[in-house]
Amino acid sequence: MSSKIRPVFQAVWTALTNGYVRGFMEGKIYQGESKKLCVPGLNCYSCPGARFACPIGSLQAVLDSGQYRISLYVLGFMAAFGVLLGRFVCGWLCPFGFVQDLLYKIPIGYKKGAGQRKGPEAGGKSKDGCTSRVKRKNLPGHKYLIYLKYVILAFFVVILPMTVTNFMGMGDPWFCKYVCPSGTLLAGIPMLIMNEPLRGAIGALFSWKTFILVVVVLLSIWYYRPFCKYLCPLGAFYGFFNKAAFYRLNVNEDKCIKCGKCQSACGMDIKTWENPNSMECIRCGDCKTACPTGAITSSMEELIRELKSKGSKEVSS
Amino acid sequence: MKLRALRYILLLASAAMIYAGITTGEAETVFRKAAYICLECIGIG
């Protein structure tokens, strides 16, 4: 069910948070008061349509300003989103996650071999209803590469912006400047198309960032969400909250038959029956859809069920 | 039960952090960055 709702939800959310149409028409950015507020997902504030601020960009902006040792304001937003939703943000509320989901739907890059099980994201069903085509999920070295995003969070988002400073004590937003492909795609390219004076300023840095974007885009066609798995500092941060967040997954041990269908369906390749609140889980819900016994439920569903049963008891009494 | 309490404590702490950030002027710093084109972010330099 969620695999049908999710793309629509992601599209609506992206349109709502990036709905400043005038920005796209005139090559300018929104300057309203809402730019003080952070959105949950990675959403460049220099995107012509952005109505809010990116938490990772904002965190670096405060830290590299030379005025603060820590950003209570931005970390407060990030912690609030984390404790409420955890990496649900990645699965449902991140524009760049949505872009990667769409790229993974492109019907090329299937693994050779037939008769293998696939995830609902991968596509490709044969006439007899059995799935015969399957896409790769992980890059080679996956189990080590997943730690790269924590290194990026520590160094590119916190340490380098705070420590590598000019004579005025100001640093650079290292992640935004040297890594973030979301900024290049959602802000850099539209801005350069619409804003002629900026085109004259293109240099080696833009070439580097375009190179990163092209690599991430190509990998996203072959592998499921490589940026989220290996590079995203925001996903790394929210991952710490997955176990404690209000939104969690639960596995009913009595119902679970340990068939492994949840892992097969999971683009992040998580053994849901063993670790339903893994730091890597982006809460897409594909495991719940794939579970043949309905053993996997979310805390949200349990809350709704509880409220409904309370309501019906009150009505009957 | 402990985890449930922790969640509410974290949520309250987050709200307190946001409020503290507003009082120290961090919200304005974020606004100044977000309301103007960030050349580094878009790859210009």
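Throughout, a chain's letter reflects where its sequence line sits, starting with A, and its residues are numbered from 1.
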Quiz item: Charged N to carboxylate O under 4.0 angstrom, E40(B) versus K33(B)?
Solution: yes
Self-check item: Which atoms of K209(A) approach chain B - backbone, side chain, both or neither, heavy atom under 4.5 Å
Solution: side chain
Self-check item: Engaged part of T23(B) at the chain A interface, taking heavy atoms whose separation is under 4.5 Å
Solution: neither
Practice problem: With rounding to the nearest 0.5 Å, note down the distance linking CG in L59(A) to OG in S71(A). | Solution: 5.5 Å
Practice problem: Let me know if L39(B) has heavy atoms under 4.5 Å from chain A in its side chain, its backbone, both or neither. | Solution: side chain
Exercise. Can you establish whether the number of heavy atoms outside F240(A) located under 6.0 Å from its atom CZ is more than 12?
Key: yes
Quiz item: Heavy-atom distance under 4.5 Å to chain B: side chain of Y68(A), backbone, both or neither?
Solution: side chain
Quiz item: Which heavy-atom pair separates I42(B) from I37(B) by the least distance, and what is that distance?
Solution: CD1-CG2, 3.8 Å
Quiz item: Which heavy atom of G21(B) sits nearest a heavy atom of L72(A), and at what distance?
Solution: N-CB, 4.3 Å
Quiz prompt | Segment of C44(A) engaging chain B (4.5 angstrom heavy-atom cut-off) | solution = side chain
Quiz prompt | Least distance between heavy atoms, Y247(A) atom then R283(A) atom | solution = O-NH2, 3.8 Å
Quiz item: For chain B, which of F81(A), F77(A), F241(A) has the most heavy-atom pairs under 4.5 Å?
Solution: F77(A)
Exercise. Give the member of L3(B), L6(B), L10(B), L11(B) that has the highest number of heavy-atom pairs under 4.5 Å with chain A.
Key: L11(B)
Exercise. Tell me, for L186(A) versus chain B, whether the close heavy atoms (under 4.5 Å) come from the side chain, the backbone, both or neither.
Key: neither
Practice problem: Answer yes or no: is there a side-chain heavy-atom contact under 4.5 Å between C38(A) and V74(A)? | Solution: yes
Self-check item: Residue part contacting chain A, namely of Y36(B), when any heavy atom lies under 4.5 Å
Solution: both
Quiz item: Under a 4.5 Å heavy-atom cut-off, does chain B meet the side chain of Q67(A), its backbone, both or neither?
Solution: side chain
Quiz item: Using non-hydrogen atoms only, which part of A204(A) is less than 4.5 Å away from chain B: side chain, backbone, both, or neither?
Solution: neither
Quiz item: Side chain, backbone, both or neither: which part of R248(A) has a non-hydrogen atom closer than 4.5 Å to chain B?
Solution: side chain
Quiz prompt | Proximity breakdown for R4(B) and chain A, heavy-atom pairs closer than 4.5 Å | solution = neither
Quiz prompt | Reported CE-to-OG distance for the pair M168(A) and S65(A), which is rounded to 0.5 angstrom | solution = 11.0 Å
Quiz prompt | The single option from C47(A), S46(A), P48(A) passing side-chain contact (heavy atoms from CB on, under 4.5 Å) against M191(A) | solution = P48(A)
